[in-house]
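Presented below is the structure to which this report refers.
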Amino acid sequence: MKTIADLKIGERAFVKAFRQVDLSLKLLEMGCLPGSEVMLDFIAPFGDPLGIQVNGYCLALRKDEAATVLVEDSI
Amino acid sequence: MKKTPTIALIGNPNSGKSSLFNQLTGLRQKVGNFPSVTIEKKSGTWLLDPKTESIVIDLPGLYSLYPKSLDERVVIDILANPAHENYPDVVVMVADASNLKRNLLLFTQVADLGLPVVLALNMLDVARDKHLQVNAVKLAMKLGVPVVRINARVGEGLDNLKQAVVQTLERPVITTLNQKYFFNPADQFPELINDVKRTNQLSNNYLALHYVQQHDIFSFLNTEKRVAFDQLIEKYDFKESGFQAAETMHRYAVIDGLVKDSVKAADDFLVKPLWTKRLDAILLHPFWGYAVFLMVLLTIFQAVFTLATYPMDMIDAGVSALNDWLKQQLPPGALTDLLTDGLIAGIGGVVIFIPQIAFLFFLVALLEESGYMARVMVIMDKLMRKFGLNGKSVVPLISGVACAVPAIMSARSIGNRKERLLTILVTPLMSCSARLPIFTILIALVVPATPVLGFFTLQGLTLMGLYLLGLVSALLSAWVIKGMVKNTERGYFVMEMPTYKTPRWYHVGLSVWDSVKSFVTEAGKIIVAISIILWVLASYGPGDTIARAEETVQKSNPALEGATLDNAVAAYKLEHSYAGHFGKFIEPAIAPLGYDWKIGIALLASFAAREVFVGTMSTIYSIGSAADDDNGTIKARMRAEINPKTGKPMYTPALAFSLLIFYVFAMMCMSTIAVVYRETHGWKWPLIQLAYMTALAYGLAFVTYQLLK
């Protein structure tokens with residue numbers, strides 16, 4: 001399954017589901033909902049953490065955290 | 001309207017809540033603690049009309065009423081408890097209009113608790129730049145509460161806000177009247193909610209849900225009640241996490257419907273503002289990102305250690321001038337000595353740190369304000385994780401260069417328990433400003449000011465070496481302790497990256513003022529108390545040995561007279577004072593490090609606060625030698641000190657470096673121990689920290705002395 005951690009910089013996708021309950025609660029509250037569009041904005045030096053644009057702002061999260069968010073390609 | 005209504009400010013992080021707080025309360029702020037929890041509480045007063053002064057409380061920023069960090073817990077603990085002394089009469093919800101939907105999540109939660117809310121729409125200018133149009137009137141009608149447009153940075157719209165707050169205080173608008181909720185938990189669990197409402201005399205469905213979800217962190221519930229909730233959850237087969245996720249999604253769906261008419265969105269929602277995009281390209285760059293960070297660090301050090309020395313020298317000179325003047329004006333005697341050598345010298349020791357602390361907090365506040373600190377956390381995270389720390393540990397570690405106490409408190413933003421604990425345990429190894437006077441005086445004694453590479457000196461390089469030693473030891477200690485601490489809960493790095501903003505100088509100034517004020521009152525109390533106690537212990541002794549000092553000395557050395565006699569008498573007095581007895585008592589333990597009983601006194605005295613060391617040395621050497629010799633600086637007195645065993649100067653490089661190393665590692669700060677106790681809720685970690693740092697200090701000072709001897 002494709003996750004946010006698999007996106008390339010500038011690539012967009014739609015959030016589909018979460019693999020991790022606790023983290024999903026946090027991401028949901030911050031507006032990263034199933035169906036929202038995300039775009040990979042930056043990858044920090046050494047490949048971790050990542051920054052995504054979601055819901056109109058930029059969110060930084062670690063790569064293993066990003067790997068718990070399943071996405072599907074934009075149509 | 002109540003005589004002194006309470007107004008709570010609530011909002012997401014980066015929504016401008018603190019700016020609004022500063023605008024409303026200005027210098028009428030105070031920092032305290034919330035009752036029963038050790039979370040810093042900022043409150044202030046705001047004049048609503050000539051007769052009504054309200055109390056404004058700045059609650060920690062958060063994204064939802066389900067707390068994710070310790071700080072955030074206090075919000076629901078207050079809002080769920082009408083008996084709480086800080087329970088608000090009206091809530092002002094500050095919302096970032098450029099992120100309206102996310103901000104409204106928290107709004108609908110607070111409103112559903114049945115609290116009267118005024119929505120303050122902030123950052124409309126940022127929203128406009130993003131091509132977002134927000135219609136406040138339509139929004140107010142949809143949400144059912146007053147909506148006010150403000151600009152917290154410049155203080156626009158505050159009169160309208162005041163009007164809305166006063167109106168709400170007079171005629172509270174509560175959206176949950178007639179059981180109307182944005183999200184009603186009773187739709188799915190009617191029996192559970194009714195059960196909770198009945199047994200706890202509640203009338204609000206959503207409050208009842210929070211009792212079910214969060215009873216474990218409510219400070220106002222006893223164990224018996226908490227167990228009862230666990231039984232209810234089982235009885236109704238209630239799934240906490242699943243329900244919380246469903247609640248959040250439901251709320252977002254409701255919000256989508258509510259804002260449809262009042263917010264006109266841009267075509268593309270995912271584009272970063274131009275300047276933020278440009279700056280991020282540099283500041284997150286694999287090379288330039290670190291280069292800029294290094295430059296920023298160097299600038300901070302340069303400011304703290306060079307610019308700050310000018311006001312510090314002036315304070316130093318001022319204090320000794322005042323002391324000399326007082327000694328001339330006042331009749332000689334014990335009280336004058338207590339005032340000058342004890343009290344004023346002690347206060348001077350506190351005041352002298354103010355420039356450094358002010359400079360450091362000024363610069364740290366600038367970095368936080370501008371949005372740069374979040375970038376530093378991102379580029380440092382991977383590196384820090386290798387040592388068991390977190391990108392967010394950077395702030396405590398940098399602040400630790402000024403003072404470990406606020407630094408350790410700032411570790412609260414680290415969500416992961418283990419990473420936070422490690423940060424707390426190693427932060428005191430960063431050389432704080434209290435160590436600086438010890439470093440400078442000892443370095444000046446034994447290291448020559450030889451120029452190196454043109455613009456450095458050997459002294460400056462030695463000083464930098466000590467700071468680096470502190471940093472490296474902090475990282476290595478974290479790496480070692482990492483293996484010994486179990487990770488009991490998952491924490492997250494997930495963090496909003498704020499857009500870059502020009503700093504608000506007023507805000508920066510207030511932050512500096514706060515930290516200086518708390519340093520002077522907190523550390524000041526300890527330092528002054530110790531100075532006085534030490535003066536007493538060094539001036540009096542058991543029996544009548546002190547009173548008969550002159551007689552005794554003269555009997556054993558009949559040839560002495562004049563200043564030499566005074567000197568010998570003074571030295572005899574110190575040796576036979578209570579402090580002298582203390583020093584002699586511990587001398588065998590510290591002799592392997594090269595220290596004598598006089599240094600022993602200073603070590604003991606500085607156990608509670610290391611900044612006392614230099615002051616103590618100056619007290620000891622000024623009592624130990626006749627007071628009036630003119631080259632009275634502490635450095636000159638230390639240089640003149642003779643080791644009675646060798647007949648050579650006491651302060652050899654071996655001894656000085658042994659002391660330097662000792663102070664790099666030793667945990668000599670009562671305030672730090674107290675704050676670690678508070679932050680880790682027990683004596684276990686402060687004692688472990690004290691033990692490992694003392695062991696390092698003693699061991700490495702021993703090695704240093706034995707190698708250099």
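Note that this is a predicted model, so its numbers are computed, not measured.
Heavy-atom distances place no part of B:Phe287 under 4.5 Å from chain A, backbone and side chain included. For B:Arg385, the part sitting under 4.5 Å from any heavy atom of chain A is the side chain, from C-beta outward, and nothing else. For chain B, the nearby part of A:Leu27 is the side chain; its heavy atoms alone come within less than 4.5 Å. At a 4.5 Å heavy-atom cutoff, the contact between B:Leu105 and chain A is made by side-chain atoms alone. Within the 4.5 angstrom heavy-atom criterion, only side-chain atoms of A:Leu33, from C-beta onward, approach chain B. Contact annotation for B:Asn14: neither backbone nor side-chain heavy atoms come within less than 4.5 Å of a heavy atom of chain A. Both the backbone and the side chain of A:Phe46 come within less than 4.5 Å of a heavy atom in chain B.
Between chain A and the options B:Asp280, B:Asp96, B:Asn390, B:Thr499, the largest number of non-hydrogen pairs under 4.5 Å is found for B:Asn390. Chain B forms the most heavy-atom pairs under 4.5 Å with one residue out of A:Cys58, A:Gly31, A:Ala66, A:Ala44, and that residue is A:Cys58. Among B:Asn103, B:Val378, B:Asn12, the residue with the largest count of heavy-atom pairs under 4.5 Å with chain A is B:Val378.
A:Glu29 and B:Ser64 are linked by a side-chain donor-acceptor pair at a separation below 3.5 angstrom, with hydrogens and angles left out of the test.
Salt bridge B:Asp71/B:Arg73: absent, no basic N to carboxylate O contact under 4.0 Å.
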B:Tyr66 vs B:His210, test: ring-ring contact (aromatic ring centres under 6.0 Å, His included). Steps then yes/no. CA-CA 9 Å; B:Tyr66 296 96; B:His210 275 282; 4.9 Å; yes
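The aromatic rings of B:Tyr206 and B:Phe183 lie perpendicular to each other, with more than 60° between the two planes, well past the 30° mark.
In this structure, B:Lys101 is not positioned above the aromatic face of B:Tyr252 in the sense of NZ or CZ being under 6.0 Å from the six-membered ring centre and within 45° of the axis. With a 6.0 Å cutoff to the six-membered ring centre and a 45° limit on the axis angle, B:Arg278 does not count as a cation-pi contact of B:Tyr500.
A distance of 8.0 Å separates CG of B:Leu139 from CZ of B:Phe107, quoted to the nearest 0.5 Å.
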